[in-house]
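Step one of this worksheet: look at the structure below.
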Amino acid sequence: MDKLNRVRIADILKMQSFGQTINVKGWVRTKRGSKTVSFIALNDGTIIHNLQIVAELANFDEEVMKQITTGACISVNGVVVESFGQGQHVEIQAKEIEVLGTADPLTYPLQKKGHSLEYLREIAHLRPRTNTFGAVFRIRHNMAMAIHTFFHERGFYYFHTPIITASDCEGAGQMFQVTTMNLYDLKKDENGAIDYTNDFFGKQASLTVSGQLEGELAAMALGAVYTFGPTFRAENSNTPRHLAEFWMIEPEVAFNDIFDNMQLAEDFIKYCVKWALDNCMDDLAFLAEHFDKELISRLQSVVECEFVRLPYTEGVRILEEAVANGHTFEFPVGWGTDLASEHERFLVENHFKKPVILTDYPKEIKAFYMKQNEDGKTVRAMDVLFPKIGEIIGGSERESDLDKLSKRIEEMNIPMKDMWWYLDTRRFGTAPHAGFGLGFERLLLFVTGMANIRDVIPFPRTPNNAEF
RNA sequence: UCUUUAGUAGCUCAGUUGGUUAGAGCACCUGACUGUUAAUCAGGGGGUCGUUGGUUCAAGUCCAACCUGAAGAGCCA
């Protein structure tokens, strides 16, 4: 077979001139045809659309043509021609075909017909070859690029916080332990406690649940930073919105207050959504057509609308008013209790019908590091609530006063013995600062319109599932 | 983890108040077809009805436990 430069299908489909001979490589989606001619729909992952390869059967060995089945990988030399069939404006008239890899039709798990998302989860190693997951993972890449671009353009530094941590007070959830100890022969002291002094780190270590505390250290030096990395929660959560391993973006900015923080969060999400609309329209259109007809209009409305900013106390008042007017909730509403999903959904989907930033929660239901308000009852927390997916961002202005922070740590019985370094930020040159955390996969749920978080990460990690 | 719901061919599903040999579409194989658009048409092969136990003359169907998936809830991002 002649050696020609390979052209990506995304580029071939854009061609306006015809007649040149090129090489194209990709995986066969379908082959159809008649006695004399075969039509091969080829996809190479560069774009959701397939390229049509036309093969006159008289020019090719029958044995080679037989190997061209759904899932096979082929290399084609051929001429770019204008298509006179419907459904594409350009196609390849094949001159030479080489089968790079066959796919036995009896055992290849993907068919040309559609599969359920649940079935595709069982073959997560092959699902990137489907239209749906090709689209999702191209959008996933684009969102990562949008995130880095957004922060870089605004002078934020990408800061790498550790994945292994020995602090057990991040308070964001159950942690996965990291150890090199022999679990069949654990040494314990007289109280039955495990002795970690001979473990790899000389103390108990875990996978991080958040890079925030280290992010605060960086903000106290570099001014504005963000993290973007994997985080781990060992919660037994079985929902379409939770993963045991997920990616989180956590900006942290010196001198920002809660209002700057809200503005940053709103600008940030809008930037990402607009990026998707500007750069991923082919993939979004496919997802909209197959899963969520309102996807694109919902994305557009988020870019255009102004997020509602609402103190928790006001939110509770609205909910209590709704109850008084006859709306029934499964769980009671009252100042001091955390809002249930149904309450958040009511505010976002029924009452305001757009994203809501809820602020100033009671201090009892929020983390120790949040800045305390003058009223002595609330803290400067903010949750960004989105239609369909609920909480997409959680953040706050941080308590910068050493005494107030220390007192709160004591009140909440938080083990801070290994956290002297965190308190040093308040001890030496403390400054007001604020930040938030955004779950990358939650953002992707919103942008792709997918309903289950297991379908927006290549290899989901959930309770009882670490396959692939 | 709790509640609900589902598990029948490779995939998606139907299967009546329990009753003889468990069906369809797609996929796959064979054949037909002069350019198809998830091609079409004809034929063919393919099943331990999630697992274990129970009720019954008789269980895909009823009951129990367990396994697996999904939805809702809690926890959160």
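A, B, ... follow the sequence lines: proteins, then strands. Residue 1 opens every chain. These numbers come from a predicted model, not from an experiment.
Using a 4.0 Å heavy-atom cutoff across all strands shown, R121(A) reaches sugar-phosphate atoms only and no base atom. Within 4.0 Å of H242(A), counting heavy atoms only, lies at least one base atom of the nucleic acid. Residue A41(A) is classed as having no contact, given no heavy-atom separation below 4.0 Å to the nucleic acid. Across all strands shown, S116(A) has heavy atoms under 4.0 Å from sugar-phosphate atoms exclusively, and none from any base. N238(A) comes within contact range of at least one nucleobase, with a heavy-atom separation under 4.0 Å.
Within the cation-pi definition used here (under 6.0 Å to the ring centroid, within 45° of the axis), K270(A) does not qualify as a partner of W275(A).
Comparing G35(B), A77(B), G74(B) by their closest approach to the side chain of R442(A) singles out A77(B).
Remark: the separation of the C1' atoms in U4(B) and U40(B) is 44 Å, to the nearest Å. Only the P atoms considered, U20(B) is 11 Å distant from U16(B), to the nearest whole Å. One P atom belongs to G45(B), the other to A22(B), and the distance between them is 14 Å to the nearest Å. Using atom P as the reference point in both G25(B) and G18(B), the two lie 28 Å apart (nearest Å). G74(B) and G23(B): their P atoms are spaced 47 Å apart (whole Å). U61(B) and G54(B) are spaced 14 Å apart, taking the P atom of each and rounding to whole Å. Between U21(B) and C49(B), the two P atoms lie 14 Å apart (nearest whole Å).
Interface remark: the Q111(A) side chain does form a donor-acceptor pair with the G10(B) base, using a distance-only criterion of under 3.5 Å.
Using Watson-Crick or G-U wobble geometry with both donor-acceptor distances under 3.5 Å, U40(B) finds its partner in A32(B). Pairing of G72(B), defined by two Watson-Crick or G-U wobble distances under 3.5 Å, is identified with C2(B).
Looking at K366(A), its side chain never comes within 3.5 Å of a backbone N or O of P362(A) through a donor-acceptor pair.
Each of Y271(A), F268(A), Y158(A) was checked for a ring-ring contact (aromatic ring centres under 6.0 Å, His included) with H148(A), and the lone residue meeting it is Y158(A).
Within the structure, every side-chain polar atom (N or O) of K35(A) is placed at least 4.0 Å from both OP1 and OP2 of U34(B).
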Study note, to complete from the structure: Quick tally for nucleotides 36-44 of chain B: nucleotides whose base has a protein heavy atom under 4.0 Å get B, sugar-phosphate-only ones S, the rest -, giving BBBB-----

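Applying the side chain to side chain donor-acceptor pair (under 3.5 Å) test to every pair with at least one member in residues 351-362 of chain A, sequence neighbours left out, gives these pairs: D360(A)-N373(A), Y361(A)-D383(A).
Map E344(A) and P105(A) each onto its nearest nucleotide of RNA chain B; the residue landing nearer the 5' end is P105(A).
Applying the ring-ring contact (aromatic ring centres under 6.0 Å, His included) criterion to F137(A), with sequence neighbours excluded, gives F133(A).
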